[in-house]
Q: 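Below are the structure tokens for one structure; questions will follow.
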Amino acid sequence: AQKVTQAQTEISVVEKEDVTLDCVYETRDTTYYLFWYKQPPSGELVFLIRRNSFDEQNEISGRYSWNFQKSTSSFNFTITASQVVDSAVYFCALSGHSSYKLIFGSGTRLLVRP
Amino acid sequence: DTAVSQTPKYLVTQMGNDKSIKCEQNLGHDTMYWYKQDSKKFLKIMFSYNNKELIINETVPNRFSPKSPDKAHLNLHINSLELGDSAVYFCASSQPTGSGGNEQFFGPGTRLTVL
């Protein structure tokens, strides 16, 4: 069975702090894909990143970075120098090689205070 | 240009009514999905169509029936609405490459409230 766990329900930081959102996944597939989506207060779901199971390179995009570690089945997301606009619910998701559906974690609500 | 659009954005209705939510994508994708987000923000797949063919049908009550008239449209019809159907329903689309793992583009969501 596939499962995604985001143990942090809510995180509150002060602007300019760095924050890491944790994601742990379970799957029996050898080929799989991991995603992060952002859901701001306006409600839409915004794609942030996709990573396949064969690519363990960390990725950086501006203030965002992702750390994929197969050994610990984790795909963590770090926001550097957080801003108020980063306040949102962040979802980690998983899909298998032969399945089109996304299995979402329960989300982490990030509040960045000025 | 809106990539994935849904109508209506808000839907308030009485228990027992039948309602439909429409979804259209202009991305040229072959695969479309319906997800349900409950009050605790938990997102779960309901259905998926690939080229108008149903490929995913999760454990969803028979009162929910998806319909795909063409690969750019995926509608969701709900019969005999119940209080527990209140949620936000998201449509999404992706371009399959014969396997999973493609980015799914989501619509803005339809907030359904059953009174």
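Not measured: the values here are computed from a predicted model. The analysis underlying the following values was restricted to heavy atoms, covering all of them including side chains, and did not include hydrogens, waters or symmetry mates. All chains are named by letter (A, B, ...) in the order of the sequence lines, taking the proteins before the strands, and each is independently numbered beginning at 1.
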Q: Looking at B:E53, I'd like to know if its CD atom is crowded, meaning that more than 12 non-hydrogen atoms belonging to other residues, nucleotides or ligands lie closer than 6.0 Å.
A: no

Q: Return the NZ to NZ distance between B:K44 and A:K101, rounded to the nearest 0.5 Å.
A: 6.5 Å

Q: Mark yes when over 12 heavy atoms from residues, nucleotides or ligands other than A:I60 sit less than 6.0 Å from its CD1; otherwise mark no.
A: no

Q: Mind checking whether B:V60 and B:L76 sit in one hydrophobic cluster, side chains of I, L, V, M, F, W, Y counted as touching below 4.5 Å?
A: yes

Q: A quick test of your reading: do over 12 heavy atoms of other residues, nucleotides or ligands sit less than 6.0 Å from CG of B:D70?
A: yes

Q: Establish, yes or no, whether a centroid distance under 6.0 Å links the rings of B:F106 and A:F47.
A: no

Q: Could you look at A:R109 and say if it's the side chain, the backbone, both or neither that has a heavy atom under 4.5 Å from chain B?
A: side chain

Q: Can you find a pair of side-chain heavy atoms, one from A:Y37 and one from B:L43, that are under 4.5 Å apart?
A: no

Q: Please check if atom NZ in B:K22 has more than 12 non-hydrogen atoms from other residues, nucleotides or ligands closer than 6.0 Å.
A: no

Q: Looking only at heavy atoms, what is the nearest atom pair of B:Q37 and A:F91, with distance?
A: NE2-CZ, 3.5 Å

Q: Evaluate side chain to side chain contact (heavy atoms under 4.5 Å, CB included) for A:L102 paired with B:Y35, printing each intermediate quantity in order.
A: CA-CA 9 Å; A:L102 287 174; B:Y35 287 83; 3.4 Å; yes

Q: Could you give the distance from OG1 (A:T108) to NZ (B:K41), rounded to the nearest 0.5 Å?
A: 13.0 Å

Q: Around A:F54, counting heavy atoms of other residues, nucleotides and ligands shown, do more than 12 lie under 6.0 Å from its CZ?
A: yes

Q: Does atom NZ of A:K70 have more than 12 heavy-atom neighbours from other groups under 6.0 Å away?
A: yes

Q: Can you tell me how far apart CG (A:L45) and CD (B:Q104) are? Round to the nearest 0.5 Å.
A: 10.5 Å

Q: Less than 4.5 Å to any heavy atom of chain B: does that hold for the side chain of A:Y32, its backbone, both, or neither?
A: neither

Q: As an exercise: rank B:F105, B:F90, B:F42 by heavy-atom pairs under 4.5 Å with chain A and give me the winner.
A: B:F90

